[in-house]
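The block underneath contains the structure these notes are about, expressed in structure tokens.
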Amino acid sequence: MEKIEHTTITTNGINMHVASIGTGPAILFLHGFPEFWYSWRHQLLSLSSHGYRCIAPDLRGYGDTDAPPSATSYTVLHIVGDLVGLIDHLGIDQVFLVGHDWGAIIAWNFCLFRPDRIKALVNMSVVWFPRNPALNPVEESRALLGDDYYVYRFQEPGEAEKDFASIDTALLFKNLLSNNDPSPPRIHKETGFSGLLKTPKTLPSWLSEENINYYANIFNKTGFTGGLNYYRAMKLSWELTGPWTGLQIKVPVKFIVGDLDLTYSIPGVKEYIHSGGFKKLVPNLQDAVVIEGAAHFINQERPEEVNAQIHEFIKKF
């Protein structure tokens with residue numbers, strides 16, 4: 001871990017913290033919510049040893065990267081703009097892109113907006129959902145999963161922050177990271193997020209108290225508003241991405257998901273992945289890998305398998 005270099009660069013009007021290691025073809029790693037570069041520690045060390053330049057920024061709003069105060073500064077256009085600026089700053093023409101959770105959503109949009117900058121994509125957890133011109137994604141998820149679905153609950157500024165502040169941050173991460181319940185998270189107004197807590201008596205083998213405290217220390221410093229603003233900008237992102245309605249994702253893609261991932265259990269997702277719908281919209285989808293017994297934080301829970309899947313795919317190019 002001490003071999004990982006940490007720098008700060010200026011891009012798209014913000015200062016961005018970047019962790020990197022290695023030399024060779026570049027791999028850009030995009031983390032999810034609520035995370036930062038550290039979630040990719042296993043991949044950085046493994047893939048750099050295979051001759052790749054591994055780059056993992058703290059995305060806008062996270063870790064040691066700037067967090068603009070307004071939710072309107074967190075559209076997918078802002079985040080992709082940050083990343084184009086990052087690779088321009090580093091003098092890199094094309095990258096292999098690897099995303100997870102919100103990082104996967106950003107990665108899909110990066111491939112939609114600037115396929116010229118992407119050699120190939122490995123995405124985890126969140127499939128490509130094309131833009132529905134009739135309904136924004138917040139209302140779409142509300143219609144599918146109800147008012148208590150976490151995406152809808154996260155919309156009100158300050159509400160989720162207050163909820164998270166009532167729970168010890170280390171306890172919160174112990175629950176989030178070790179959760180293997182595939183049912184969609186619903187936050188009831190009466191009980192808040194604490195109603196979802198199922199603190200494990202023992203940590204899974206892949207997760208240590210040191211890992212949990214690393215997350216807790218960062219989020220005790222930054223708070224959660226930056227990450228929550230991605231959810232609060234979803235409607236605006238939908239409005240602004242109208243020009244790309246109906247376009248396919250045409251870069252080469254491998255998709256990886258755990259069979260216990262809550263995203264895999266969203267109604268219709270399994271059928272979409274396995275019955276041809278996904279391939280129709282992502283025509284260069286070369287593989288959809290389902291890892292049995294793995295939950296949401298798959299790149300940390302199953303690092304050896306994920307590292308091998310990434311390497312096996314990108315070495316073709």
Side-chain angles (χ1 to χ4, degrees), residues 31-35 39 76 99-108 123-132 134-156 159-164 166-167 171-200 204 224 227-235 237-238 255-275 277-278 281 288-302:
H31 67 78
F33 173 86
E35 302 175 78
S39 294
V76 292
H100 170 256
D101 185 77
W102 255 106
I105 296 171
I106 299 304
W108 290 123
N123 244 359
M124 291 171 235
S125 184
V126 181
V127 293
W128 170 240
F129 290 114
R131 183 180 183 275
N132 178 350
L135 195 62
N136 76 63
V138 175
E139 293 303 329
E140 199 169 20
S141 64
R142 182 189 184 192
L144 186 66
L145 294 158
D147 287 0
D148 289 336
Y149 188 52
Y150 78 101
V151 170
Y152 191 70
R153 281 276 171 255
F154 282 176
Q155 295 302 308
E156 186 61 37
E159 194 172 294
E161 288 92 330
K162 185 178 175 184
D163 198 3
F164 288 157
S166 70
I167 305 164
L171 182 67
L172 181 66
F173 275 100
K174 189 176 284 191
N175 277 269
L176 281 171
L177 293 168
S178 62
N179 177 44
N180 61 3
D181 179 357
S183 56
R186 290 182 169 89
I187 303 171
H188 301 294
K189 273 218 162 176
E190 304 74 40
T191 57
F193 200 84
S194 59
L196 290 176
L197 298 184
K198 299 172 185 173
T199 307
F224 290 86
L228 290 164
N229 278 340
Y230 285 61
Y231 295 92
R232 293 167 186 160
M234 286 171 74
K235 292 179 184 177
S237 286
W238 175 80
F255 181 71
I256 304 170
V257 68
D259 68 346
L260 298 178
D261 194 322
L262 52 92
T263 63
Y264 191 54
S265 295
I266 293 171
V269 166
K270 290 175 187 172
E271 295 76 12
Y272 173 65
I273 292 172
H274 301 296
S275 298
F278 193 18
L281 293 165
V289 178
V290 180
I291 297 181
E292 288 187 17
H296 183 64
F297 295 95
I298 193 167
N299 51 319
Q300 299 180 73
E301 184 180 346
R302 297 288 187 85

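Everything quoted here is computed from the prediction, not taken from an experiment. Computed over heavy atoms, backbone and side chain alike; hydrogens, waters and symmetry mates excluded.
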Over all atoms of both residues, closest heavy-atom pair of [X] and [Y]:
X      : Y      : answer
Pro184 : Tyr149 : CB-CE1, 3.8 Å
Ser237 : Val76  : OG-N, 3.0 Å
Val290 : Tyr264 : CG2-OH, 3.7 Å
Ala160 : Leu228 : CB-CD1, 3.8 Å
Ile291 : Arg302 : CG2-NH1, 3.1 Å
Phe278 : Ile273 : CB-CA, 3.9 Å

Among all residues two or more places apart in sequence or in another chain, which pass the side-chain hydrogen bond (donor to acceptor under 3.5 Å, both in side chains) test with Asp261?
-> Ser125, Thr263, His296
Results of side-chain hydrogen bond (donor to acceptor under 3.5 Å, both in side chains) for Glu139 - residues two or more places apart only | Arg142
Residue list, salt bridge (charged side-chain N to carboxylate O under 4.0 Å, His left out) with Arg232, at least two apart or on another chain = Glu161
Taking only residues two or more places apart in sequence or in another chain, which ones pass salt bridge (charged side-chain N to carboxylate O under 4.0 Å, His left out) with Lys198?
-> Asp181
Is it the case that the side chain of [X] and the backbone of [Y] share a donor-acceptor pair, with hydrogens and angles ignored and the cut-off at 3.5 Å?
X      : Y      : result
Trp102 : Tyr231 : no
Asp163 : Phe193 : yes
Ser178 : Lys174 : yes
Asn299 : His100 : no
Glu159 : Gln155 : no
Trp108 : Phe129 : no
Ser265 : Ser183 : no
Ser141 : Val138 : yes
Asn123 : Phe255 : no
Arg186 : Tyr150 : no

Ring centres under 6.0 angstrom apart (Phe154, Phe33) = yes
Is there side-chain contact between [X] and [Y], with heavy atoms separated by less than 4.5 Å?
X      : Y      : result
Pro185 : Asn179 : no
Asn175 : Leu196 : no
Pro137 : Asn132 : no

Separation of [Y] [atom2] from [X] [atom1] (nearest 0.5 Å):
X      : Y      : atom1 : atom2 : result
Leu135 : Leu144 : CG    : CG    : 10.5 Å
Met124 : Ile256 : CE    : CD1   : 5.0 Å
Glu35  : Phe173 : CD    : CZ    : 8.0 Å
Asp148 : Arg153 : CG    : CZ    : 4.5 Å

Leu281: what forms a side-chain contact (heavy atoms from CB on, under 4.5 Å) with it, not counting sequence neighbours?
-> Trp128, Pro130, Tyr272
Pairs involving residues 289-301, ordered by first then second residue, that meet salt bridge (Lys or Arg N to Asp or Glu O under 4.0 Å) (sequence neighbours left out) | none
